[in-house]
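As the structure is a prediction and not an experimental result, all values here were calculated from the model. Starting from 1, each residue takes its place in the sequence as its number.
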Amino acid sequence: MISQVMNNSALCAKVQAMLGKALTEDDYDAVMNMKSVPDVARYLIENTAYSKVFKGVSVSSLHRGQLEEMLKNDLNSDAKRLMPYMNSGTKKFMELMVIEDSIASLKICMRLLHIGNTEEAVERLYKIEELKDLKREAVPDNISIDDFIGLLKKTPYYEALHVFIGKPDKQLPFYMEMSLDTYWTKMVIRYAKKYLSATEAKSVLKVYGTEFDFENLTFLLRCKRTFDMSDEEIYASIIPQYYRLSETTVANIVKSSSYKDALNIIREETPYGKAFSADDRFIEKRYKEYMCSLTAHTYGLNRYSVQSPIYYIHTRRTEINNIISIIEGIRYGLPAEKIRGYLIGCGKGGASE
């Protein structure tokens, strides 16, 4: 334990310093009362650490998509700044953050292709880390899903998607995204066990394992509320990694006759009952609150470990998503208190041990 503290003291100090630049409640209150995206950008420039993000940018013509990309690029730069303070195992595990971002971008590309917006889909392809050297002439003018998957042949994601080549009936974003999610969960488990100490791997798999459970539970609840899927289709779409769920509980939820019955099973048979409510309009919000609380708690117990950069990345992503939610609220003319209801904040989710 002493050696772990010594080896990670510089990393912990750097993360603490960077966390000190997070938005405050006063910042959130101010931004929620802005009237436009440029107004939000001006406030961030004049009052927060985000000033560096907008260097050389004309905020008067800034739109939501540009702002989101700039904020995410800033987070990626911060993650790279942390790398010199990490030991080799932590560095290797944190490479997963690039993979996670790439998977998120691939999902957007697949949705755009599905609705026929090939031009924007191709533009997003070039922003994926593993495809940054992709040559324009290698991309067909009328790119198909088969073409799209073929472009991924030299990336890690081909493993998850090549099974969809030549199967147009299965080339729906839903199925392909589930395949990427399954690939991601396997990578997290593999990297944790291969590159981290036993103690670190245990704490990491607690956080990510809980997230995997929530992904499955929210999917199952959506099935009961919205989707018309057979039991076989549901089982084929579940991430095959359980942390504190059992196969029996999952089977009981699949067989349940309604959303309300599924919620009762979650309350009675899992530790996640407080993370869901029949009154919630958005299923994901309460579980994201739960995850904020859990990551903060785990970080508090394991500051001198890989949990330090994991917590930083999670906190910054939450902050960026909150900024984007605020901008969307402003676009639709929502009052500040209404916008506040869409924001995610650490410490409110009631993580259970």
**OP:** Could you tell me whether Phe164 and Phe148 have their ring centroids closer than 6.0 angstrom?
**Re:** no

Original post:
Quick one: do the Ser60 and Ser58 side chains pair a donor with an acceptor below 3.5 Å?
Top reply: yes

**OP:** Could you check Glu68 against Arg64 for salt bridge (Lys or Arg N to Asp or Glu O under 4.0 Å), going step by step and ending with a plain yes or no?
**Re:** CA-CA 6 Å; Glu68 182 173 10; Arg64 185 254 191 184; 3.2 Å; yes

Subject >> Lys206/Glu211 under salt bridge (Lys or Arg N to Asp or Glu O under 4.0 Å): CA gap, chis, key distance, verdict >> reply: CA-CA 9 Å; Lys206 176 180 180 179; Glu211 190 165 35; over 6 Å; no

Subject >> Carboxylate-amine/guanidinium contact Glu130 Lys154, below 4.0 Å >> reply: no

Original post:
Got a salt bridge between Arg222 and Glu284, using NZ or NE/NH1/NH2 to carboxylate O under 4.0 Å?
Top reply: yes

**OP:** Inspect the contact between Arg42 and Glu46 and indicate whether a charged nitrogen and a carboxylate oxygen are less than 4.0 angstrom apart.
**Re:** no

Original post:
Hey, are Glu129 and Asn76 close enough side-chain-wise for a donor-acceptor pair under 3.5 Å?
Top reply: no

Subject >> Salt-bridge present (Arg317, Asp101; N to O < 4.0 Å) >> reply: yes

Original post:
Between His114 and Met110, is there a donor-acceptor pair closer than 3.5 Å when you use the side chain of the first and the backbone of the second?
Top reply: no

Subject >> Asp74/Arg316 salt bridge by N-O under 4.0 Å criterion >> reply: yes

**OP:** Verify whether one side chain among Glu200 and Asn302 offers a donor that lies under 3.5 Å from an acceptor in the other.
**Re:** no

Original post:
Does the Lys285 side chain pair with the main chain of Tyr342, one donor and one acceptor, at a distance under 3.5 Å?
Top reply: no

Subject >> ILVMFWY network linking Val98 to Tyr195, side-chain heavy atoms under 4.5 angstrom >> reply: no

Original post:
Is there a donor-acceptor contact under 3.5 Å from the side chain of Thr226 to the main chain of Cys223?
Top reply: no

Original post:
With distance as the sole criterion, is a donor-acceptor pair present between the side chains of Thr210 and Asp213 under 3.5 Å?
Top reply: no

Original post:
Backbone N or O of Asp29 within a donor-acceptor pair of the Asn33 side chain at under 3.5 Å?
Top reply: yes

**OP:** Show the numbers, then the answer: is there a side-chain contact (heavy atoms from CB on, under 4.5 Å) between Tyr243 and Tyr208?
**Re:** CA-CA 9 Å; Tyr243 179 60; Tyr208 284 100; over 6 Å; no

Subject >> Residues Glu120, Lys127; criterion salt bridge (Lys or Arg N to Asp or Glu O under 4.0 Å); working and verdict >> reply: CA-CA 11 Å; Glu120 188 174 346; Lys127 296 173 183 177; over 6 Å; no

Original post:
Does Lys170 count as lying over the ring of Tyr175, i.e. NZ or CZ under 6.0 Å from the six-ring centre, within 45 degrees of the axis?
Top reply: yes

Original post:
Do Met176 and Leu112 share a hydrophobic cluster, counting only Ile, Leu, Val, Met, Phe, Trp and Tyr and linking them when any side-chain heavy atoms are less than 4.5 Å apart?
Top reply: no

Original post:
If every non-hydrogen atom of Val204 is compared with every non-hydrogen atom of Ile310, which pair is closest and at what distance?
Top reply: CG2-CD1, 3.8 Å

Original post:
When you check the side-chain N and O atoms of Glu269 and Thr249, is any donor under 3.5 Å from an acceptor?
Top reply: yes

Original post:
In terms of hydrophobic clustering (I, L, V, M, F, W, Y; side-chain heavy atoms under 4.5 Å; direct or indirect links), are Met70 and Tyr126 co-clustered?
Top reply: yes

Original post:
Asn252 and side-chain contact (heavy atoms from CB on, under 4.5 Å): which partner among Asn264, Ile266, Asp261, Ile265?
Top reply: Ile265

**OP:** Step by step, work out the side-chain contact (heavy atoms from CB on, under 4.5 Å) result for Leu113 and Asn117.
**Re:** CA-CA 5 Å; Leu113 286 174; Asn117 192 343; over 6 Å; no

Original post:
Is a side-chain N or O of Gln66 found less than 3.5 angstrom from the main chain of His63, in a donor-acceptor match?
Top reply: yes

**OP:** Assign the ring pair Tyr290 / Tyr272 to parallel, tilted or perpendicular, where the plane angle (0 to 90°) is split at 30° and 60°.
**Re:** perpendicular

Subject >> Derivation and outcome, side-chain contact (heavy atoms from CB on, under 4.5 Å), residues Leu221 and Phe276 >> reply: CA-CA 10 Å; Leu221 287 173; Phe276 299 99; 3.5 Å; yes

Subject >> Shortest non-hydrogen separation from Ser230 to Glu233 and the atoms involved >> reply: N-OE1, 2.9 Å

**OP:** Identify whether the distance between the nearest side-chain nitrogen and carboxylate oxygen of Lys21 and Glu319 falls below 4.0 Å.
**Re:** no

Original post:
For the residue pair Tyr304 and Asn8, what are the closest heavy atoms and their distance?
Top reply: O-ND2, 3.3 Å

Original post:
Looking at residues at least two apart in the chain, or sitting in another chain, which of them share a side chain to side chain contact (heavy atoms under 4.5 Å, CB included) with Asp181?
Top reply: Lys107, Met178, Ile239

Original post:
Aromatic rings Phe227 and Phe174: how do their planes relate, parallel, tilted or perpendicular, breaks at 30° and 60°?
Top reply: perpendicular

Original post:
If you measure only the distance, is there a donor-acceptor pair under 3.5 Å linking the side chains of Thr90 and Asn87?
Top reply: yes

**OP:** Test salt bridge (Lys or Arg N to Asp or Glu O under 4.0 Å) on Arg340 and Glu25 and set out the steps.
**Re:** CA-CA 11 Å; Arg340 185 181 293 279; Glu25 284 297 319; 3.7 Å; yes

Original post:
Quick one: do Arg286 and Glu289 make a salt bridge, cutoff under 4.0 Å?
Top reply: no

Original post:
Under 4.5 Å between side-chain heavy atoms, hopping through other hydrophobics if needed: is there a path connecting Tyr183 to Ile108?
Top reply: no

Original post:
Just wondering, are more than 12 heavy atoms of other shown residues or ligands nearer than 6.0 Å to CD in Glu119?
Top reply: no

Original post:
Between Arg331 and Glu328, is there a side-chain N and carboxylate O pair less than 4.0 Å apart?
Top reply: yes

Subject >> Minimum heavy-atom distance Ala160-Ser179, with the two atoms named >> reply: O-OG, 2.5 Å

Original post:
Have Asn322 and Ser325 got a donor and an acceptor in their side chains that come within less than 3.5 Å?
Top reply: no

